Amino acid sequence: MLVALVIDADGAGRWQKLLDDGTPAGPAMTASSPAAAVASLERAHRPRWVWADTSEVYPVLLAAGVRVDRCWDLHLTEALLLGAEGRHREPKELAGALARVLGLPAPADAGPAKKDDALTLFGPEPVVLPGDTDPLAALSLVFRSQQRNPALGLLIAAESASALVAAEMTHHGLPWREDVHNRLLEEVLGPRPASGRRPKLLQDLADQIQEAFGGREMNPDAPASIVKAFARAGIEVPSARRWVLKKVDHPAVKPLLDYKERARLWVAHGWSWLDTWVEDGRFRPDYVVGGVVTGRWASRGGAALQIPRLMRQAVIADDGWCLVAADASQLEPRILAALSGDPRLTEVCGDDDLYAALAEDSFKGERPRAKIAMLSAMYGGTSGEAGPLLAVLRKRFPVAVGYVEDAARAGEQGRMVRTRLGRTSPTPSAAWQELTGGADESGESSSSSRQAARNWGRFTRNFVVQGSAADWTAALLGVLRTRLPADAHLVFFQHDEVLVHCPRADADAVVEAIAAAGREATRLLFGETSVRFPMNAVPVTCYADAK
DNA sequence: GTGACTCGCGCC
DNA sequence: AAAGGGCGCGAGTCAC
C-alpha cells in the first residue's frame, strides 16, 4: 500500500491512499496530528510513504516517537532519474523546483523563485502543474512520473531507506562524552584559553618555531608565512605541506609539525566544536544522503565524516549499553571483483585479508605493494611505482583491470558510466567538452586537453567502484534497519562502517543482524556471486576500541 | 564587512 | 616515497 503525506506549514497533516501506479485511491484525509495518523496507518498497513523530502518530513514524525518502515522520497528519486537520463541538474535547482511544486518552503540556497510558478515536471513526457496545484495532488502526479524507469527500482528503494536511516541517526545522536573530549583537549593543548587566544601548549610551540627562525615574525597558521620563513633561512619549499616539511633539515621543522598536528585538533574538533555540536551527551550532525555524486553520503555541520581517530575515545556507550562497530573490510576491491566477475580476483577475495592474498598471488608476498597496485587501479594512480605494479595486476587480473580501464576510457570520451544499481555519473561541463572537443589545426590535441580528458577518466574510473560500494552500503543499511532489535539504533555511518548503539544483552543479535544484512546486500546487488564480503562486527564500550 | 578563493588536513 | 578517487571545514588572503 502507498500513502502520500504532506505536512502543511501549520503542522497539520494530509494524506491520501494511492494505487500502485500512484493514482489516488481514496479521499484526501486531514489530521491535526500527522504523527498520530501516521502511527495508526503504520500499525495497520505498513504502507510505503510517499513524500517530498524525508529530511523535512521524517524528523517531525521521529520527534513524536513515530517510526516508519518504508518510504519513497520524491526529491532523491528525481535526482536519480534525471541523472540516468543524462540530465543532471544543480541539486539546489532541483530542490527549489520540487519545493515549489510540492508547496514546501524553498530551501534557503535554492536560488530565486521563478515568476511563472506553473512548473513543468521532469521526465521525458512533460507534465505541467499549475502553481495552485494542491501539494497532495502534486505528490501523486510526481510519483506517477517517477515510475518511468523501472530499472532503478532497487536504487530508489535503497536511497529512500538511506534517507530514513540518516534521519534516525540524527534523531538518536552519537553518544559523545564531553568530559572525555575535554580531557583529551587538555592533554593536547593545555587548559581552555580565553576566546581569541591560543592554547598554552600551542603558544609554546609557536614561540619555539619563531625562535628557530631567528626570532622574526611569522605565523605558523599561514602556509605562505611558513614558506617565506624557510626562504629567509635559505630553504626553498614548494609548499607548507607536512610531507614536504618532513624532508627539510631545519630546527623549526619538528616544532612546526607538532604545532600543525595539535592546531588541527584545536581548530576542527576543539572546544568550540564541542560547544556547537554536542548537547546532552549526543553528537547530532545532519547527514546528506545523495550529497556526493558517487552516492556516498555527505554531512553538514560538525564534520561528521571526519572524526579524528583520537577523538573516537569520546564516543562511549551509555551505561549498560554497548556500541557494535562494524565495517566491511576492503570493500572496494571486492566490489570490483564482483562487478567485473574476474575469476582470479574473486578467488583472492576468499581471504579475509584481501591484500595479503593478492600479495601472495602476484607480489611475492609484499602486501604494501599489492595494496598500492590495487588502489592505483581503482583511483587511476600513475606516479612512482604505480605503473609497473599496475602492469603486474593487469596481467594477472585482466578482467578486473579491464573493467576500470573501460570506465576510464568512457570518461575520457565524455560518456557516462553507471554503478551497479544504476546511479549515473554526471556529464562533464560544457567547458570540458569544449576543451577536449577536437584537435587543433595540426591534428594534435593540446596537452591541457589531454590532461582534462585523463582527469575525467580518473573520475569515472573511480566512480564505478566507489559508487557501487555506496550502492552496497545503502542496501546494507536498508536491510539492517529493519532487522535490528527494537532497542538497537544505528547511530553512525561512514562510507563502509556503521555503529549500532544497543543494550548489552542485544549485542549478539546485532552482530548477527549485521552479518545477515551484509549477505543480503551482496545478494541484492550481485545475486549468487562467490565474491566474499566479510563484515567485522564487534561490540565495544568505546568506539576507539574497535579495530 | 562580505564573498570567493586557496591551502592544508581530517575521514573513507 | 608521496600520488591517484570522493568529501567538509576553517584559517588566511585578496578583491570588492
Side-chain angles (χ1 to χ4, degrees), chain A residues 196 198 202 218-228 237-247 256-257 259-270 272-273 276-277 285-312 327-333 335-336 368-369 371-387 389-390 404-405 407-408 411 417 419 423 425-426 451 454-470 472-473 492-498 543 547:
Chain A
R198 271 203 191 108
L202 275 188
M218 62 90 60
N219 178 3
D221 292 319
S225 176
I226 295 172
V227 172
K228 224 181 278 176
V237 286
S239 72
R241 291 183 169 86
R242 194 180 50 198
W243 61 264
V244 170
L245 299 186
K246 245 184 198 162
K247 294 184 301 190
L256 191 49
L257 293 178
Y259 179 93
K260 276 169 165 269
E261 192 175 338
R262 292 171 197 256
R264 168 78 195 177
L265 273 177
W266 176 46
V267 162
H269 286 89
S272 68
W273 182 92
T276 308
W277 293 108
D286 278 331
Y287 299 95
V288 186
V289 173
V292 179
V293 282
T294 58
R296 279 186 172 182
W297 293 15
S299 67
R300 196 181 311 122
L305 304 182
Q306 300 135 260
I307 300 171
R309 293 192 160 269
L310 180 75
M311 287 305 171
R312 296 179 183 187
D327 73 301
S329 68
Q330 302 147 341
L331 178 59
E332 292 188 347
I335 289 285
L336 175 56
R369 287 157 59 83
K371 189 171 175 178
I372 288 171
M374 184 54 79
L375 293 178
S376 299
M378 295 187 301
Y379 291 166
T382 51
S383 74
E385 49 178 339
L389 292 177
L390 198 49
V404 284
E405 292 188 340
V417 294
T419 67
R423 190 185 305 269
S425 67
Q451 191 185 340
R454 271 200 309 274
N455 287 346
W456 197 258
R458 272 198 303 278
F459 167 63
T460 51
R461 170 196 290 264
N462 184 249
F463 183 94
V464 294
V465 178
Q466 186 187 120
S468 298
W472 188 89
T473 52
F492 190 59
F493 167 61
Q494 179 176 235
H495 310 314
D496 65 356
E497 64 176 313
V498 297
Y543 185 20
K547 288 195 192 180

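Per chain, numbering begins at 1; letters A, B, ... match sequence-line order. All values reported here derive from a predicted model rather than from experimental measurement.
In the 5' to 3' direction, nucleotides of DNA chain C lying under 4.0 Å from heavy atoms of chain A begin and end at dA1(C) to dT13(C).
Partners of Phe493(A) according to the ring pair (Phe, Tyr, Trp, His ring centres under 6.0 Å) rule, which considers only residues two or more places apart in sequence or in another chain, are Trp297(A). Residues passing the salt bridge (Lys or Arg N to Asp or Glu O under 4.0 Å) test with Arg461(A), sequence neighbours excluded: none. Applying the side-chain hydrogen bond (donor to acceptor under 3.5 Å, both in side chains) test to Thr473(A) and every residue at least two apart in sequence or in another chain returns nothing. Partners of Phe492(A) according to the ring pair (Phe, Tyr, Trp, His ring centres under 6.0 Å) rule, which considers only residues two or more places apart in sequence or in another chain, do not exist here. Looking at residues two or more places apart in sequence or on another chain, you find no salt bridge (Lys or Arg N to Asp or Glu O under 4.0 Å) involving Glu497(A). Applying the ring pair (Phe, Tyr, Trp, His ring centres under 6.0 Å) test to Phe459(A) and every residue at least two apart in sequence or in another chain returns Trp456(A), Phe463(A). By the side-chain hydrogen bond (donor to acceptor under 3.5 Å, both in side chains) test, Asn455(A) is found to be paired with Arg458(A), residues two or more places apart in sequence or in another chain being considered. For Glu261(A), the salt bridge (Lys or Arg N to Asp or Glu O under 4.0 Å) criterion is met by no residue, not counting sequence neighbours. In this view, Asp327(A) and Asn536(A) satisfy the side-chain hydrogen bond (donor to acceptor under 3.5 Å, both in side chains) rule, not counting sequence neighbours.
No engagement by Gly291(A) is indicated, since no non-hydrogen atom pair under 4.0 Å with the nucleic acid exists. No engagement by Ala268(A) is indicated, since no non-hydrogen atom pair under 4.0 Å with the nucleic acid exists. Within 4.0 Å (heavy atoms only), Ser225(A) reaches no atom of the nucleic acid at all. Here Val244(A) lies out of heavy-atom contact (under 4.0 Å) with every strand.
Between Ser376(A) and Lys371(A) there is no side-chain heavy-atom pair separated by less than 4.5 Å.
Summary for the helix from dG1(B)-dC16(C) to dC12(B)-dG5(C): the axes at its two ends, each from 5 pairs, differ by 10° when rounded to the nearest 10 degrees.
Between Ile372(A) and Asn462(A), the residue anchored closer to the 5' end of DNA chain C is Ile372(A), taking for each the nucleotide with the nearest heavy atom. Along DNA chain C, the nucleotide nearest Asp221(A) and the nucleotide nearest Lys247(A) are compared for position; the residue whose nucleotide lies closer to the 5' end is Lys247(A).
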How does protein contact run along nucleotides 6-12 of chain B, one letter per nucleotide 5' to 3', with B for base contact, S for sugar-phosphate only, - for none, heavy atoms under 4.0 Å? -SBBBSB
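Distance alone, capped at 3.5 Å, is enough to place a donor-acceptor pair between the Ser225(A) side chain and the Asn219(A) backbone.
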